[in-house]
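All values reported here derive from a predicted model rather than from experimental measurement. The analysis underlying the following values was restricted to heavy atoms, covering all of them including side chains, and did not include hydrogens, waters or symmetry mates. Each residue takes its place number in the sequence, starting with 1.
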Amino acid sequence: MKRSIALALIAGVIGADALLPSQSPRCQLTLIKSTIVDQKEGEAVAETNDEESSSNNNKPKSQSSSEYWRITSSTFHPQTRPLTSELTEAMEMNIHPKESQEELGKGLSIESDWRENWYTYESPASDPDLIDSDTGYSEYECEVEGKLPDELQGTLYRNGPGKFGVNGERVQHVLDADALVYKIDIPAPDSSGQRKVKFLSRFVSTPQFEEEQKAKKFLYRGTFGTGPCFEGLDSREKNGLNTDPSEPSAISKFVGGAFNTDIKNSANTQIISFGGKVLALFEAGLPFRLDPTTLEAMGEDTMGGALKAALPVKLGKDLEEFEPDFIGGSAHTAHPQRCPNGNLVGWSWSQLPMSKSLEVTFTEWAEENFDRLATSTFEIPNCSLAPHDMAITENSIIFMINALEMNQLPFLLNLKGPAASLAMDGRKNVKAWIFPRPSSKNQFEPFVVDVPACFSIHFSHGYEDEETGNLVTYFSGWPPSDSKDFLGAWGGFCPEFRQIPPTFLWRLEIDPKEKRTVSLDIAPGCHNICTEHMLVHPNFNTKKCENVYGTVSNVIGDSTPPNGYVRLKVESGSTEQLQPGAPNEDVDAYWFGTRYFTTEPIIIPKDGSDPNDEDAAFLLGVVRDAAKQKNFLAVFDLEKDLKEGPVAKIWMRSGVPHGIHGCFAKDSKGGSSVFC
């Protein structure tokens with residue numbers, strides 16, 4: 001209580017935004033109003049209101065109600081639409097509709113399938129003892145379809161929201177859920193050429209997770225709106241973890257959590273293996289260490305003493321001696337980068353409320369013993385919200401600071417979470433900050449440039465152009481918008497794409513000598529391709545390269561769930577601009593189908609291959625099969641066209657929630673990994 005009162009007093013003097021965890025563009029897939037296009041598809045059916053969903057009375061074989069048997073909404077089609085006869089039959093028979101690669105790519109998905117993708121992790125009805133509902137523990141051997149390449153060996157780790165509530169009450173926002181981590185071990189073939197691929201999963205048992213499970217209620221505030229409320233003023237029914245959450249009354253939230261600014265570390269964003277450690281990462285807290293073999297929790301990690309376990313708020317050097325023990329700490333990004341030289345490049349942040357600035361510390365680690373190689377600290381003025389991702393080049397680090405402002409009072413009163421208290425200005429220029437890498441011999445003063453209005457989410461890679469000397473980077477993001485709302489689309493049960501603008505891959509070029517933006521455009525070859533979670537061959541993370549890979553939702557410029565993977569030719573692709581709705585047919589993509597959903601891919605170089613060969617690699621991605629209600633790991637050989645499809649599938653015995661990020665390591669002992 002003393003801690004909360006002290007934080008509230010600091011907030012009253014210096015501004016509550018200084019006490020808030022920095023928010024992440026990755027978690028900011030938010031409500032931005034986009035131009036609605038009356039797009040007519042060849043097989044499209046008439047629009048209908050949400051209330052006028054398909055009136056199919058047959059009991060579905062899927063877990064979700066036929067109430068949601070309808071085509072998901074999108075920016076082109078803000079109202080849901082009834083299913084086609086083919087899709088209705090597929091739902092009634094619980095099968096996949098007959099679809100060709102040529103027919104797909106228009107963004108059709110079924111809402112009930114998409115919702116099931118965000119169900120809490122639990123045993124399927126057909127195998128009730130498969131998963132421990134309290135711990136998320138499950139362990140078994142996987143079935144392999146097709147032929148796994150012999151040279152593909154190692155461990156895939158994945159992380160993301162997995163337990164969506166406590167004691168029958170669902171979180172208010174999917175990104176507030178507790179973390180589910182799992183791994184798939186792919187051993188070398190034995191003497192007979194056989195392999196036993198094994199699966200293991202657990203919820204990340206942070207202290208907050210354990211406390212809430214024991215108390216059977218929410219005790220901590222989530223970044224996106226979930227939090228404690230006063231039970232005596234809360235008359236809501238608990239309808240279960242797989243139903244729409246109901247909003248607590250304002251008075252119950254105020255009495256239950258006003259001035260409590262402790263934010264729960266859900267450890268649910270990324271997972272990396274490096275330097276003998278496996279770390280689950282979160283935007284606004286310390287990394288959480290896991291046993292690489294068993295995935296059991298080992299506690300918060302300071303990354304070799306680089307971080308301090310306290311709230312990431314500092315009063316400044318002049319007042320450092322007056323700081324109470326519970327502040328003066330730092331939080332580490334969920335998106336470090338792996339340099340081709342093997343170093344891990346990360347950064348931590350602390351808010352400086354007295355100067356309304358953000359302190360950022362960049363650190364590079366060597367794989368051996370997680371040794372710190374170099375570190376440097378800078379201050380970003382007029383910045384109270386840390387960015388989510390960064391790009392690195394051989395000598396530089398690039399941040400994009402989106403135009404966001406904090407409405408302080410609702411957060412302090414526990415009426416809104418910190419993310420929901422943010423407002424954006426989609427017409428305002430973005431700030432790009434350029435810093436020297438700590439290990440670079442070419443040190444320079446950091447500088448900032450104005451970038452035309454946009455919203456930056458993730459970087460795929462960056463490089464220093466040998467001809468011009470300019471910095472070039474690619475990122476996923478949204479075009480200018482008039483919307484002021486924030487995070488509306490990802491609230492409720494699951495993301496609603498009618499409120500999420502189409503996400504494209506952008507190319508940004510900066511002249512470091514004149515300190516100005518040279519250009520910002522949708523990347524060549526990427527017009528109307530809605531893509532996210534892009535990455536390159538890990539040897540090209542700081543180099544100019546041809547291929548960028550990612551999930552793909554459609555090729556007509558709409559905003560819809562992802563159901564394929566794409567290879568984008570960003571250096572040689574066409575610069576022709578397409579009208580919204582016009583298909584981009586010059587693309588290498590593989591579509592699994594309407595009743596599938598894809599997650600972030602990982603690129604794994606082939607052992608012994610030419611390090612300068614972008615194609616000498618595998619693409620791995622976890623895919624949801626909504627008809628089977630199971631997930632599988634798809635394996636693509638990048639020396640072939642993606643459109644030829646995966647060479648193998650590793651099947652899990654249940655569905656797993658959609659998840660966010662992951663990595664691939666050569667062993668399950670904490671060795672170096674590649675990740676997005």
Subject >> Donor-acceptor under 3.5 Å (Ser456 side chain, Ile401 main chain) >> reply: no
Subject >> Thr206 side, atom OG1; Glu212 side, atom CD - distance, nearest 0.5 Å >> reply: 8.0 Å
**OP:** Indicate yes or no for a side-chain donor-acceptor contact from Asn343 to the backbone of Val345 under 3.5 Å, with no hydrogens or angles considered.
**Re:** no
Subject >> Reference residue Leu520; test side chain to side chain contact (heavy atoms under 4.5 Å, CB included); the match among Ile510, Leu508, Val430 >> reply: Leu508
Subject >> Phe370 ring center within less than 6.0 Å of Phe274 ring center >> reply: yes
Original post:
For His461 and Thr473, what are the C-alpha separation, side-chain angles and deciding distance, and is it a side chain to side chain contact (heavy atoms under 4.5 Å, CB included)?
Top reply: CA-CA 6 Å; His461 68 298; Thr473 188; over 6 Å; no
**OP:** Hey, could you give me the OG/CD distance between Ser376 and Glu364, rounded to the nearest 0.5 Å?
**Re:** 8.5 Å
Subject >> Minimum side-chain heavy-atom gap Pro538-Pro605 below 4.5 Å >> reply: yes
Original post:
Where do Met390 and His335 land on the side chain to side chain contact (heavy atoms under 4.5 Å, CB included) test, with the steps shown first?
Top reply: CA-CA 7 Å; Met390 69 176 179; His335 283 287; over 6 Å; no
**OP:** Identify the heavy atoms of Arg427 and Pro480 that sit nearest to each other, and give their distance.
**Re:** NH1-CB, 3.4 Å
Subject >> Minimum-distance pair of heavy atoms, taken over all atoms of Tyr474 and Arg507 >> reply: OH-NE, 3.4 Å
Subject >> Gln443 (side chain) donor-acceptor with Pro436 (main chain) under 3.5 angstrom >> reply: no
Subject >> Test log, rule side chain to side chain contact (heavy atoms under 4.5 Å, CB included), inputs Thr377 and Glu359 >> reply: CA-CA 7 Å; Thr377 299; Glu359 180 184 272; 3.6 Å; yes
Original post:
Which heavy atom of Ser350 sits nearest a heavy atom of Lys314, and at what distance?
Top reply: OG-CE, 3.4 Å
Original post:
Is there a donor in the side chain of Asn414 and an acceptor in the side chain of Arg221, or the other way round, less than 3.5 Å apart?
Top reply: yes
Subject >> Pairwise side-chain contact, Pro336 with Leu281, heavy-atom cut-off 4.5 Å (strictly under) >> reply: yes
Original post:
Taking side chain as C-beta onward, heavy atoms only, is Cys526 less than 4.5 Å from Thr531?
Top reply: no
Under 3.5 Å, which donor-acceptor pairs link side chains of residues 669-676 to any protein atom two or more places apart or in another chain?
unit_1, atom_1, unit_2, atom_2, d
Ser673, OG, Ser273, N, 3.2
Ser673, OG, Ser273, O, 2.8

Original post:
Is Glu464 reaching over with its side chain to a backbone N or O of Asn395, donor-acceptor style, under 3.5 angstrom?
Top reply: yes
Subject >> Set of residues satisfying salt bridge (Lys or Arg N to Asp or Glu O under 4.0 Å) with respect to Asp178, sequence neighbours excluded >> reply: Lys264
**OP:** For residues Phe435 and Trp347, establish whether the separation of their ring centroids is below 6.0 Å.
**Re:** no
**OP:** Say whether, by atom type as modelled, one donor and one acceptor occur between the side chain of Tyr157 and the main chain of Pro292 under 3.5 angstrom.
**Re:** yes
Subject >> Closest non-hydrogen atom pair, Met303 against Leu344 >> reply: CE-CD2, 4.2 Å
Subject >> Contacts of Phe540 that satisfy ring-ring contact (aromatic ring centres under 6.0 Å, His included) - sequence neighbours left out >> reply: His537
Original post:
Heavy atoms, side chains only, cut-off 4.5 Å: are Tyr565 and Thr598 in contact?
Top reply: yes
Original post:
For Asn442, does the CG atom have more than 12 heavy-atom neighbours from other residues, nucleotides or ligands under 6.0 Å away?
Top reply: yes
Subject >> Neighbour count >12 (heavy atoms, 6.0 Å) for atom NZ, Lys428 >> reply: no
Original post:
How long is the gap from CG on Leu307 to OG on Ser330, to the nearest 0.5 Å?
Top reply: 4.5 Å
Subject >> Heavy-atom donor-acceptor pair, Asn159 side chain to Ala179 backbone, under 3.5 Å >> reply: no
**OP:** Check whether any side-chain heavy atom of Asn539 lies under 4.5 Å from a side-chain heavy atom of Asn612, and answer yes or no.
**Re:** no
Subject >> Close side-chain approach of Val472 and Lys544, heavy atoms under 4.5 Å >> reply: no
Original post:
Side chains of Leu352 and Glu379: closer than 4.5 Å at any heavy-atom pair?
Top reply: yes
Subject >> From OG1 (Thr155) to NZ (Lys183), nearest 0.5 Å >> reply: 5.5 Å
Original post:
Do you know which two heavy atoms are closest between Phe618 and Leu620, and how far apart they sit?
Top reply: CB-CD1, 3.9 Å
Original post:
Excluding sequence neighbours, so at least two apart, what forms ring-ring contact (aromatic ring centres under 6.0 Å, His included) with Phe288?
Top reply: none
Original post:
Does the side chain of Glu532 pick up a donor-acceptor pair with the side chain of Thr551 at under 3.5 Å?
Top reply: no
**OP:** Starting at CD of Gln172, measure out to NZ of Lys416 and round the result to the nearest 0.5 Å.
**Re:** 13.5 Å
Original post:
Do side-chain atoms of Glu614 reach the backbone of Glu546 as a donor and acceptor pair under 3.5 angstrom?
Top reply: yes
Subject >> ring-ring contact (aromatic ring centres under 6.0 Å, His included) partners for His332, two or more places apart >> reply: Trp365
Original post:
Counting N and O atoms only, with roles assigned by atom type, does the side chain of Ser476 sit under 3.5 Å from a partner on the main chain of Phe504, one being a donor and the other an acceptor?
Top reply: no
**OP:** Would you please test Asn265 and Glu300 for side chain to side chain contact (heavy atoms under 4.5 Å, CB included) and show each step?
**Re:** CA-CA 10 Å; Asn265 182 347; Glu300 290 185 328; 3.8 Å; yes
Original post:
Are Phe444 and Ile434 close enough that some pair of their side-chain heavy atoms sits under 4.5 Å apart?
Top reply: yes
Original post:
Does Glu394 CD have over 12 foreign heavy atoms under 6.0 Å away?
Top reply: no
Original post:
Between the main-chain N or O of Ile392 and the side-chain N or O of Arg437, is there a donor-acceptor pair closer than 3.5 Å?
Top reply: no
**OP:** Examine the side chains of Thr223 and Glu283 and answer whether a donor and an acceptor come within less than 3.5 Å of each other.
**Re:** no
**OP:** Search all heavy atoms of Asp176 against all heavy atoms of Asn268 and return the closest pair with its distance.
**Re:** C-ND2, 4.4 Å
Original post:
Rounded to the nearest 0.5 Å, how far does CZ of Arg289 lie from CE of Met298?
Top reply: 4.0 Å
Original post:
Is there a donor-acceptor contact under 3.5 Å linking the side chains of Trp478 and Thr503?
Top reply: yes
**OP:** Tell me, please, which residues at least two apart from Lys431 pass salt bridge (Lys or Arg N to Asp or Glu O under 4.0 Å).
**Re:** Asp450
Original post:
With no hydrogens and no angle check, is any side-chain donor or acceptor of Asp389 less than 3.5 Å from a backbone partner on Phe459?
Top reply: yes
